[in-house]
Amino acid sequence: MATATSASSTPSSPAAPAPARRKRGLPVVRQLRQSVGLQRGMLVAGLVLAAVFLLTAALADVLAPYDFNQLRDADGPFGAQQRPSSEHLLGTTVGGYDVLSRVIYGTRTALLVIVVAVVLSLFAGVLIGLVSGYFGGWVDRVLVVVCDAVYAFPSLLLAIVVAIVLSGGQSSLWGGIMAASISITVIFIPQYFRVIRAETVRIKSEAYVESAKVIGASHWRIMTRHVLRNATRTLPLILTLNASEAILTLAGLGFLGFGIEPTAAAEWGFDLNRALSDVTSGIWWTSVFPGLAIVLVVLGLTLVGESLNDLADPRLRSRRAAESGQTGEVSVVPGGPLGAGPAGLAGIEEVR
Amino acid sequence: MTTTTTTELTGSGPEADAAPAGGRRRRGGGGLGSYLLIRFLLIFPTVFVLVTTVFFLMRSTGDPITAALGGRLPAAELAARVREAGYDRPVVVQYVEYLGQILSGDFGTTLSDRRPVLDVLTTFGTATLELAFYALVVAFVIGIPLGRFAAYARDRWPDAVLRVFAILCYATPVFFAGMLLKLVFSSGLGWLPANGRASTRSEIIIQTSVDNPTGIYLVDAIRTGNGEVVRDVLEHAVLPALALGLLTAGVFLRLVRTNVIGTLGMGYVEAARSRGVGERRLLRKHAYRPALVPIVTVMGLQIALLLGGAVLTETTFEWRGLGFQLSEYLQARDFVAVQGMVVLLAVVVAVTNFVVDVIAALIDPRVRY
């Protein structure tokens with residue numbers, strides 16, 4: 001059905017927003033053409049960083065000189081905290097692993113977590129938002145209160161609670177990845193919920209929805225064909241931004257010791273946690289490289305999301321008039337425009 | 001433009017008010033009094049939702065005693081302890097009992113060191129408060145002027161540099177920022193201390209010469225009247241404040257930039273421009289002030305961000321505050337303590353958000369239902 005295609009085509013690749021509407025071509029290409037000067041520079045830089053991230057994750061086996069959990073080679077153990085050398089380009093960690101290999105394999109863990117977290121929260125958030133906004137009533141009100149409460153709470157603390165619940169000792173690759181992803185999902189659902197709900201409330205009073213009702217379309221059909229189709233335009237933006245937030249949350253969890261065991265997968269936050277004591281004794285290579293990896297990936301994803309956001313926001317882009325005033329009102333990073341767009345408050349009023 | 005921004009920004013909090021009480025009033029416009037009342041009442045569902053969520057999440061894995069001691073005690077003794085603490089009863093009974101405890105101000109007692117959670121909060125809360133305050137100062141001092149400058153230099157290279165800087169502030173995890181700062185200024189250059197809130201010597205001086213210490217080291221240090229202690233306390237605060245403050249500074253920078261650009265396009269600025277008011281004066285007098293109001297309204301969300309960041313910053317710098325304590329309890333798998341602290345922080349966040357919204361409503365008459 002049309003739902004399946006429109007919903008599943010969006011999350012397929014979080015780093016580069018997937019084709020939301022194929023008729024008009026890839027959105028990123030369109031925006032690339034639309035952008036000028038500085039904005040184009042930022043978008044291109046972001047896309048390059050994101051592409052490098054994806055390629056590294058895909059080719060980790062080829063690129064990495066050693067395995068992420070390899071402690072010794074033919075010449076014997078690597079040794080702990082070795083300075084960068086020709087054998088270990090970025091040195092070795094306190095646990096005796098090769099830093100470069102762990103940084104490279106870390107992209108794979110990060111990508112997996114992003115994909116799982118974003119897909120999960122997308123499906124759950126969109127579904128709840130759609131149903132809640134479409135049917136309204138007390139369920140809707142309760143859900144709004146619940147989601148707002150969750151939204152206002154420090155997300156890392158919530159992620160910790162969920163991680164405790166899920167990971168109770170789990171340290172396998174998939175166990176760890178699922179624990180991290182689901183913790184992140186719990187934080188993200190309210191965001192998707194808010195955006196989709198607000199859009200749904202706005203769209204359901206449109207004339208074409210009325211007409212669909214008149215000709216006797218079912219609720220499900222209206223929700224999927226008429227509302228969802230028109231409510232998803234802001235999703236590619238949230239996707240890129242949530243992807244970067246997912247990495248930061250994963251790293252935060254890892255730093256607090258809820259990461260994935262070093263023997264199961266490479267995870268940057270966990271490596272930084274291990275490197276904390278190195279810092280005091282002036283050993284820089286164990287912390288700087290995994291940290292830089294986080295910064296560069298988040299930077300790349302945020303630059304892409306940012307540029308898409310700016311290109312869609314009439315306040316930030318002088319061309320094209322305010323025809324689509326709502327498009328840009330997506331929380332970019334904490335502190336950007338918040339809420340679920342202008343339809344947020346107005347949307348609730350319409351319910352009454 | 002600012003109008004829409006303001007309502008949207010506050011929309012995040014009060015939007016929760018789908019509660020029946022708010023409905024009729026909003027339509028009628030409502031006064032400040034009814035807004036404050038509704039906003040106050042909203043604290044309760046928010047806290048209730050979080051308490052419930054956290055309780056059932058934590059219980060879904062089993063009881064905290066097994067989590068903390070499982071494998072370390074013989075099964076029979078473990079079962080006896082579980083029964084003694086009442087964790088073998090139905091979850092719903094435990095839940096109702098827990099709600100009752102919270103209403104009476106009892107947030108539980110930690111398993112590992114048998115302290116009331118409320119006591120942990122009052123002991124370590126001041127340290128977190130102090131850190132958050134420093135971080136906010138850093139954020140204001142760095143974020144607001146730079147944001148204004150970025151708006152002024154819009155689409156020219158300083159703007160580009162500042163925008164990338166703002167994104168970098170967001171993209172750098174606070175603990176990595178902290179580790180970099182430590183590498184450079186502490187173990188590299190040796191200018192500033194790496195860990196803790198003060199040197200042991202200063203702590204002893206504070207403890208011996210100040211009666212009823214506030215727990216806020218800067219205040220206590222000033223009360224000792226010893227210049228060296230004050231300096232020592234401040235030196236310890238620089239790196240953590242920078243690490244945590246830069247995160248928020250990036251947010252402020254972007255916010256001020258966007259809003260100043262927004263107000264620069266407003267009719268009254270245009271009118272002033274046509275009267276011949278200079279660009280600099282326009283920026284300073286006309287566009288800047290109204291652009292600051294939304295900062296107050298996002299402060300509420302910043303509190304949540306700061307608290308989350310504080311957990312990581314305090315762990316990085318061994319700053320003995322709530323976050324540091326929380327991660328200690330996490331390491332010890334003391335989930336009674338974790339649950340108690342998370343719930344207590346939920347109350348703190350809800351109340352701070354309320355206060356921030358009240359301030360925003362007092363400043364900006366458009367913030368009403």
Side-chain angles (χ1 to χ4, degrees), chain A residues 37-38 41-42 140-141 144-146 148-157 160-162 164-165 168 244 248 251-252 255-257 269 272 275-276 279-282 284 287-288 291 294-295 298-299 302-303 306 315-316 329 332-339 341-342 344-345 348-349 351-352, chain B residues 1 4-5 7-9 11-13 15-16 18-19 23 26-27 45-46 49-50 54 57-58 60-61 67 155 160 167-168 170-173 175-176 179-180 182-183 187-188 194 251-252 254-255 258 261-262 298 301 304-305 307-308 311-312 315-316 327 330-331 335 338 342 345-346 349 353:
Chain A
L38 203 93
M42 286 169 83
D140 180 46
R141 289 178 194 168
V144 168
V145 172
V146 169
D148 273 9
V150 172
Y151 187 71
F153 194 64
S155 53
L156 186 69
L157 294 185
I160 290 175
V161 172
V162 181
I164 290 176
V165 173
S244 52
L248 290 177
F255 185 74
L256 290 175
L272 281 170
L276 191 52
V279 165
T280 327
S281 43
W284 53 272
S287 50
V288 167
I294 300 176
V295 173
V298 176
L299 181 68
T302 314
L303 278 176
E306 269 283 273
R315 269 190 300 173
L316 300 172
E329 310 298 338
V332 173
V333 295
L338 302 163
L345 256 183
I348 293 184
E349 275 169 341
V351 181
R352 306 174 183 284
Chain B
M1 261 327 157
T4 51
T5 331
T7 36
E8 269 162 50
L9 290 170
S12 58
E15 195 189 67
R26 193 190 296 151
R27 225 152 242 273
T46 310
V49 164
L50 286 169
V54 170
L57 277 176
M58 296 292 274
S60 63
T61 39
D155 291 336
I167 297 177
L168 271 177
Y170 161 77
T172 313
F175 50 91
F176 180 54
M179 287 162 92
L180 280 183
K182 270 165 93 168
L183 272 173
S187 50
V251 176
F252 284 173
R254 304 155 56 92
L255 200 65
T258 315
I261 287 176
V298 291
L301 285 169
L305 193 71
L307 270 180
V311 176
L312 297 168
T315 312
T316 315
S327 68
L330 282 171
Q331 303 294 335
F335 295 154
V338 174
V342 169
L345 288 178
V349 169
N353 275 338

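- Heavy-atom minimum distance, B:Leu312 versus A:Gly252: CD2-O, 3.9 Å.
- Remark: B:Thr315 OG1 to A:Leu256 CG distance equals 5.5 Å, nearest 0.5 Å.
- Residues satisfying the side chain to side chain contact (heavy atoms under 4.5 Å, CB included) test with A:Ile294, not counting sequence neighbours, are A:Ile247, A:Leu248, A:Ala251, A:Trp268, A:Leu272, A:Val298, B:Pro173.
- Only the side chain of B:Val338 comes within less than 4.5 Å of a heavy atom of chain A; its backbone N, CA, C and O stay farther away.
- For B:Leu180, the part lying under 4.5 angstrom from a heavy atom of chain A is the side chain only.
- The ring pair (Phe, Tyr, Trp, His ring centres under 6.0 Å) test applied to B:Phe176 returns no partner, not counting sequence neighbours.
- Heavy-atom pairs under 4.5 Å with chain A were tallied for B:Ser327, B:Ala160, B:Pro45; the largest tally goes to B:Ala160.
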